[in-house]
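Accompanying notes for the structure given below.
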Amino acid sequence: MTAMVKAEGVHKSYGAAHILKGIDLEVAPREVFCLIGPSGSGKSTFLRCINHLEKINGGKLYVDGDLVGYRQKGDKLYELKDSEVAAQRRDIGMVFQRFNLFPHMTAIENVMEAPVMVKGESKAVARERAIRLLDRVGLGDKGNNYPSMLSGGQQQRVAIARALAMEPKLMLFDEPTSALDPELVGDVLDVMRDLAESGMTMIVVTHEMGFAREVGDNLVFMDGGVVVESGHPREVLGNPQHDRTKAFLSKVL
């Protein structure tokens, strides 16, 4: 079975700062893969490399068997054109810490936008799906509301619906609850649980250890740009083997 995501020796630097130092990992189809670690450990950078929002400086990244951002000929890699990268990105949904909704559009218009503009879908088809997706994330009655009329948690659920509107085969979540008030976190995690149960492949950078323990199939602890420890979430969280993992978890659990 082809891995949904495969990283081989992935490196990323910004000038002299070496952020990712040879990441090797695999994410299977339908898997919920959680990334934890301190700020600055490279988790979010790695996530952004998967859909080529950041270009890697070494190694290879594959999504569903296709090399991300490059074409290989012999031993050489050639960068894809912007249009080719955009086509790859269509299959990868991403949900950010900050919801990044268009403020001048209603919830339903936000969810419709990409399928109409990127895929050339008819507005009628896109609207029908948008209504269905907003219903799925518990916001069926908020379709005509603008982002400013919604709570942070509601905006994040619209952002999830918007990512799903492109019918991706992979969803990336970059700390999707970190900007929310604590009482709003549960609603967003419930939507993510529902997605996991439906078989969506998900990579989740998170500080929500309860979610990782309950919903995750695999968990990686990153620090200093490397994978320090990995395994089943209950094993890693309940019985960490590495001193660095133990020190981190003692502060967050």
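Numbers for residues simply follow the sequence, beginning at 1.
- The structure places CD of Glu109 at 11.5 Å from CZ of Phe102, a figure rounded to the nearest 0.5 Å.
- No chain of hydrophobic side-chain contacts below 4.5 Å, direct or via other Ile, Leu, Val, Met, Phe, Trp or Tyr residues, connects Val95 to Leu47.
- The distance from atom OG of Ser39 to atom CD of Glu175, rounded to the nearest 0.5 Å, is 6.5 Å.
- Taking CG of Asn110 as the reference point, atom CD of Gln155 lies at 9.0 Å (rounded to 0.5 Å).
- To the nearest 0.5 Å, the span separating OG1 on Thr201 from CE on Met4 amounts to 4.0 Å.
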field: Val188/Ile160 under side-chain contact (heavy atoms from CB on, under 4.5 Å): CA gap, chis, key distance, verdict
entry: CA-CA 9 Å; Val188 173; Ile160 293 172; 4.1 Å; yes

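- The side-chain contact (heavy atoms from CB on, under 4.5 Å) test with Val185 singles out one residue from Asp181, Asp187, Leu189, and that residue is Leu189.
- Within 6.0 Å of CG on Asp82 lie no more than 12 heavy atoms contributed by other residues, nucleotides or ligands.
- The closest side-chain heavy-atom distance from Lys142 to Gln154 is below 4.5 Å.
- By the 6.0 Å contact criterion, CD on Glu84 is enclosed, its count of non-hydrogen atoms from other residues, nucleotides or ligands being greater than 12.
- The closest donor-acceptor contact from the side chain of Gln241 to the backbone of Asn239 lies under 3.5 Å.
- The two residues Thr2 and Gly65 come nearest to each other via the heavy atoms CG2-N, 3.6 Å.
- Inter-residue side-chain proximity for Phe173 and Gln156 is flagged as unmet; no heavy-atom pair is nearer than 4.5 Å.
- Under the 4.5 Å side-chain heavy-atom criterion for grouping Ile, Leu, Val, Met, Phe, Trp and Tyr, Leu53 is connected to Leu61 within one hydrophobic cluster.
- No path of Ile, Leu, Val, Met, Phe, Trp and Tyr side chains, each step under 4.5 Å between heavy atoms, connects Val226 with Ile19, placing them in separate hydrophobic clusters.
- The local environment of NZ in Lys6 is sparse, with at most 12 non-hydrogen atoms from other residues, nucleotides or ligands closer than 6.0 Å.
- At distances below 3.5 Å, not a single donor-acceptor pair connects side-chain atoms of His207 with backbone N or O atoms of Met209.
- Expressed to the nearest 0.5 Å, how far OG of Ser230 lies from CD of Glu26 amounts to 11.5 Å.
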Verdict with supporting geometry, Leu164 and Leu195, side-chain contact (heavy atoms from CB on, under 4.5 Å): CA-CA 10 Å; Leu164 291 173; Leu195 260 185; 3.7 Å; yes

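- Residues Phe211 and Thr177 fail the side-chain proximity criterion, which asks for heavy atoms closer than 4.5 Å.
- A 4.5 Å side-chain heavy-atom check between Met166 and Arg89 finds every atom pair outside the cut-off.
- Open room surrounds NZ on Lys123; 12 or fewer heavy atoms of other groups in view lie less than 6.0 Å from it.
- Two different hydrophobic clusters hold Phe99 and Phe96 under the rule that ILVMFWY side chains link at heavy-atom gaps under 4.5 Å.
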message: Is there a side-chain contact (heavy atoms from CB on, under 4.5 Å) between Val68 and Asn51? Walk through the geometry before answering.
response: CA-CA 7 Å; Val68 173; Asn51 64 359; over 6 Å; no

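- Atom CD of Glu121 sits about 13.5 Å away from atom CZ of Arg127, to the nearest 0.5 Å.
- In terms of hydrophobic clustering, with Ile, Leu, Val, Met, Phe, Trp and Tyr side chains grouped at heavy-atom distances under 4.5 Å, Met192 and Leu35 are assigned to different clusters.
- Proximity of Met222 to Phe248: side-chain heavy atoms (C-beta onward) are nowhere separated by under 4.5 Å.
- Using a 4.5 Å cut-off on side-chain heavy atoms (C-beta onward), Glu183 and Ser151 make no contact.
- A donor-acceptor contact shorter than 3.5 Å links the side chain of Lys43 to the backbone of Gly37.
- For the pair Asp24 (side chain) and Gly9 (backbone), a donor-acceptor distance under 3.5 Å is present.
- Scanning all heavy atoms of the two residues, the minimum distance from Leu237 to Pro240 falls at O-CD, 3.9 Å.
- The local environment of CD in Glu79 is crowded, with over 12 non-hydrogen atoms from other residues, nucleotides or ligands closer than 6.0 Å.
- A side-chain donor-acceptor contact under 3.5 Å links Lys21 to the backbone of Gly224.
- A side chain to side chain donor-acceptor pair (under 3.5 Å) check over residues 211-222, counting only residues at least two apart or in different chains, returns the pairs Glu31-Asn218, Arg193-Glu214.
- Here the shortest heavy-atom pairing between Pro233 and Ala212 reads CB-O, 3.2 Å.
- Of all non-hydrogen atoms in Pro147 and Leu101, the two that sit nearest each other are CG-CB, 3.9 Å.
- Heavy-atom minimum distance, Arg71 versus Leu80: NH2-CD2, 3.7 Å.
- Two residues are said to be in side-chain contact when any heavy atoms from C-beta on lie closer than 4.5 Å; Ile36 and Leu249 meet this criterion.
- The environment of Lys55 atom NZ is sparse: at most 12 non-hydrogen atoms of other residues, nucleotides or ligands sit within 6.0 angstrom.
- When side chains are defined from C-beta on, Met94 counts as touching Arg48, because their heavy atoms get closer than 4.5 Å.
- Here the closest non-hydrogen pair linking Leu180 and Leu184 is CD1-O, 4.1 Å.
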- prompt: Stepwise, does the side-chain contact (heavy atoms from CB on, under 4.5 Å) test hold for Gln72 with Leu77?
  reply: CA-CA 5 Å; Gln72 185 163 358; Leu77 293 181; 3.7 Å; yes

